[in-house]
Amino acid sequence: MQSLKIYNSLSNKKEVFKPIKDGFVGMYVCGPTVYSNVHLGNVRTFMSFDMIYRYLLHLGYKVRYVRNITDAGHLTDDDAEDKISTKARLEKLEPMEIVQKYTIDFHNILQKFNNLPPSIEPTATGHIVEQIKAIETIIENGLAYEVNGSVYFDVIKYNKTENYGILSKRKIEDAIENTRALDGQSDKKNAQDFALWKKAGPEHIQRWDSPWGVGFPGWHLECTVMSSKYLGEEFDIHGGGMDLKFPHHECEIAQAQACNHVAPVKYWMHGNMLTMNGKKMSKSTGNNILPKEIFTGDNPNITKAYSASVARFFMMQAHYRSVLDFSNEAIMAAEKGFNRLMEALNLLNKLETSANSSFDVSKWKQQCYDALNDDFNTPILIANLFEAVKIINLIHDHKETLNEQDLDNFKQAIHAFVFDVIGLENTSISNDNSDKLNGVVEILIALRNQAREDKDWNLSDKIRDELIALGIQLEDGKEGTTFAIN
RNA sequence: GGCGUCAUGGCCGAGUGGCUAGGCUGGGCUCUGCAAAAGCUCCCACAGCGGUUCGAAUCCGCUUGACGCCUCCA
């Protein structure tokens with residue numbers, strides 16, 4: 001088996017990946033809060049972890065991939081209404097209608113981007129009982145306190161024996177010194193404390209009974225509870241966006257330690273942000289682009305529509321831990337590269353074999369694995385794929401050769417990397433189109449070829465130009481004319 | 001203000017103490033009736049200033065700039 005290295009946010013180092021249980025991987029990724037449509041930035045994170053999931057599967061691991069849906073509203077600030085309630089009021093819907101609507105949107109969009117579904121997709125509201133139980137345990141362990149029907153985690157006390165800041169590399173002392181002057185309405189003992197349970201005011205729509213009265217759970221708790229329920233108190237990989245590192249993931253560690261007295265996660269992984277105009281995409285600031293706008297081209301930041309696969313390819317050209325800036329120019333360049341890759345893949349199926357091989361497939365293949373094994377370096381993998389594109393074209397021109405066994409190996413590897421691991425879909429070219437359309441175009445090609453033989457350039461150019469206007473590109477090659485549909 | 005990350009050729013975007021990333025664009029060539037498409041090929045960059053080193057874009061320091069987190073956020 002290949003030796004995989006993963007960058008662990010806990011140590012800030014690349015570490016050799018060794019699962020807790022041989023051959024099995026438990027992976028938890030923080031899912032979305034479903035109060036609005038997912039934007040492209042959200043999609044990037046889930047796509048990154050989809051690639052990671054796919055590669056682990058490709059390596060032969062049995063992976064349990066858990067990704068939650070946050071369907072309980074959380075506070076925007078200390079005494080305001082939560083986001084799901086706000087949205088419910090605005091759209092005149094039940095909170096659970098909001099949740100349902102945007103959960104479906106989330107699933108649809110991720111499916112369009114060819115993301116595999118997780119093994120388990122638990123919801124926060126489906127685990128209220130477990131959350132209450134966890135709070136009771138934390139109180140029993142002396143690390144939480146109740147005030148006025150709300151329960152808070154005692155960060156200062158926790159930090160005396162444990163390290164609050166172990167993940168984000170913050171020092172709690174700094175945090176205390178730099179606390180902004182708050183309004184003073186909070187029930188918390190310290191500003192650093194965070195809510196495990198929050199009392200629900202009369203206007204609060206989502207509410208549950210608890211030992212502390214009617215309320216709702218704190219945001220960080222659901223992930224602690226659901227990850228340990230489905231993956232155990234200690235599991236291999238926990239992922240999420242960089243912006244969740246603090247406070248969310250830091251709090252998860254603290255809660256898990258307070259409940260189970262163990263560090264919950266062996267490898268913490270954080271995907272970086274997708275920016276637009278140099279700034280983070282964000283639901284709250286409005287600096288974002290929706291997937292459906294990518295598909296239709298209906299957004300001021302782009303000049304045309306792009307397919308989901310092109311967007312996926314665009315993102316896979318950057319490393320998941322790097323900031324990636326979205327622009328029309330960048331995705332347009334990606335589209336051209338993507339099309340070239342797909343053209344070569346189509347050509348791959350038509351290659352002829354030779355007695356000998358002039359190209360070392362095994363070496364090339366290992367280079368691809370080396371890239372992925374180095375913390376899932378998809379940009380390097382893609383660079384290698386373009387090396388393969390070149391080889392494919394040269395074989396087609398009889399300037400390189402592969403024997404039958406090597407060609408099989410080559411095909412298999414390319415398909416595995418392109419489709420299984422990176423998760424692209426071949427949306428291009430004529431094989432997808434109906435026989436009838438193919439037949440019609442073949443007739444036109446034959447007519448044009450006759451016109452060309454007759455040197456009737458007016459007619460032959462007219463056929464060519466009118467087809468291109470429809471998005472059908474005729475390609476004159478040595479072995480006759482073929483066509484591609486854009 | 002605190003903590004952290006990053007600064008690469010026209011654009012996007014990898015990487016390494018000494019040997020070509022890759023994509024897009026642009027130049028050249030092949031193919032073509034002309035084109036287009038496609039293919040081949042060329043274009044050697046690493047913010048600034050110091051330092052370590054035989055050698056640094058890659059390590060260290062400072063400066064400048066950008067971004068992220070510190071408040072819901074993927």
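None of these values were measured; they are calculated from a predicted model.
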message: A:Tyr65 and ring-ring contact (aromatic ring centres under 6.0 Å, His included): which single residue from A:Phe46, A:Phe235, A:Tyr53 fits?
response: A:Tyr53

- prompt: Given the rule that a pair is Watson-Crick or G-U wobble with both distances under 3.5 Å, how would you write RNA chain B in dot-bracket, using | for pairs to a different strand?
  reply: (((((((..(((.....[...))).(((((.......)))))....(((((..]....))))))))))))....

- prompt: For residues 452-463 of chain A, which residues have at least one heavy atom under 4.0 Å from RNA chain B?
  reply: A:Arg452, A:Trp457, A:Ser460, A:Asp461

- line: Whole-Å distance, A:His319 NE2 to B:U5 C1', equals 14 Å

query: So, A:Ser48 versus A:Asp50: side-chain donor-acceptor pair below 3.5 Å or not?
result: no

- prompt: With distance as the sole criterion, do the side chain of A:Arg464 and the base of B:A36 form a donor-acceptor contact below 3.5 Å?
  reply: no

message: Without decimals, in angstroms, what is the distance between A:Tyr306 OH and B:C24 P?
response: 15 Å

Upstream residue (5' side of RNA chain B) when A:Glu387 and A:Ser168 are each assigned their closest nucleotide: A:Ser168

- prompt: Within this structure, what is the CG-to-P distance between A:Asp325 and B:G23, rounded to whole angstrom?
  reply: 22 Å

query: Should we say atom NZ of A:Lys169 is surrounded by more than 12 heavy atoms from elsewhere, each under 6.0 Å from it?
result: yes

field: Pairing residues for A:Asp243 by the side chain to side chain donor-acceptor pair (under 3.5 Å) criterion, not counting sequence neighbours
entry: A:Lys280

field: Minimum-distance nucleotide (side-chain atoms of A:Phe246 versus B:A14, B:C34, B:C69)
entry: B:C69

field: Under 4.0 angstrom between A:Ser322 side-chain N/O and B:A14 OP1 or OP2
entry: yes

- request: State whether A:Lys14 and A:Asp374 are salt-bridged, where the test is any N-O pair (Lys NZ or Arg NE/NH1/NH2 against Asp/Glu carboxylate O) under 4.0 Å.
  value: yes

- prompt: Should A:Lys462 and A:Asp465 be marked as a salt bridge (Lys or Arg N to Asp or Glu O under 4.0 Å) after you check the CA-CA gap, both sets of side-chain angles, and the distance that decides it?
  reply: CA-CA 5 Å; A:Lys462 185 177 160 78; A:Asp465 295 344; over 6 Å; no

Polar side chain donor-acceptor pair, A:Asp325 to A:Asn277, under 3.5 angstrom: no

- prompt: Rounding to a whole Å, what distance do you find between A:Glu335:CD and B:C12:C1'?
  reply: 15 Å

- request: Send over the distance from A:Leu324 CG to B:C67 C1', rounded to a whole Å.
  value: 13 Å

field: Rounded distance (Å) that lies between atom C1' of B:C6 and atom CE of A:Met273
entry: 14 Å

query: Would A:Asn115 and A:Arg312 count as having a side-chain donor-acceptor pair, cut-off 3.5 Å?
result: yes

What pairs of donor and acceptor atoms, side-chain ones from residues 378-393 of chain A against any protein atom, are under 3.5 angstrom apart with sequence neighbours left out?
| residue | atom | partner | partner atom | Å |
| --- | --- | --- | --- | --- |
| A:Thr378 | OG1 | A:Met316 | O | 2.7 |
| A:Asn384 | ND2 | A:Ile380 | O | 3.1 |
| A:Asn393 | ND2 | A:Val389 | O | 3.2 |

message: Base of B:C70, side chain of A:Arg170 - is there a donor-acceptor contact under 3.5 Å?
response: no

query: For A:Tyr35, which residues count as a ring pair (Phe, Tyr, Trp, His ring centres under 6.0 Å) partner, sequence neighbours excluded?
result: none

Sequence-aligned protein contact record of nucleotides 37-48 of chain B, with B where the base is within under 4.0 Å of a protein heavy atom and S where only the sugar-phosphate is: B-SSS-------

- request: Please determine if A:Lys304 and A:Glu335 form a salt bridge, counting it only when a charged side-chain N lies under 4.0 Å from a carboxylate O.
  value: yes

query: Closer to the 5' end of RNA chain B via nearest nucleotide, is it A:Asp243 or A:Lys279?
result: A:Lys279

message: Between A:Lys283 and B:A74, is there a contact of a side-chain N or O with OP1 or OP2 at under 4.0 Å?
response: yes

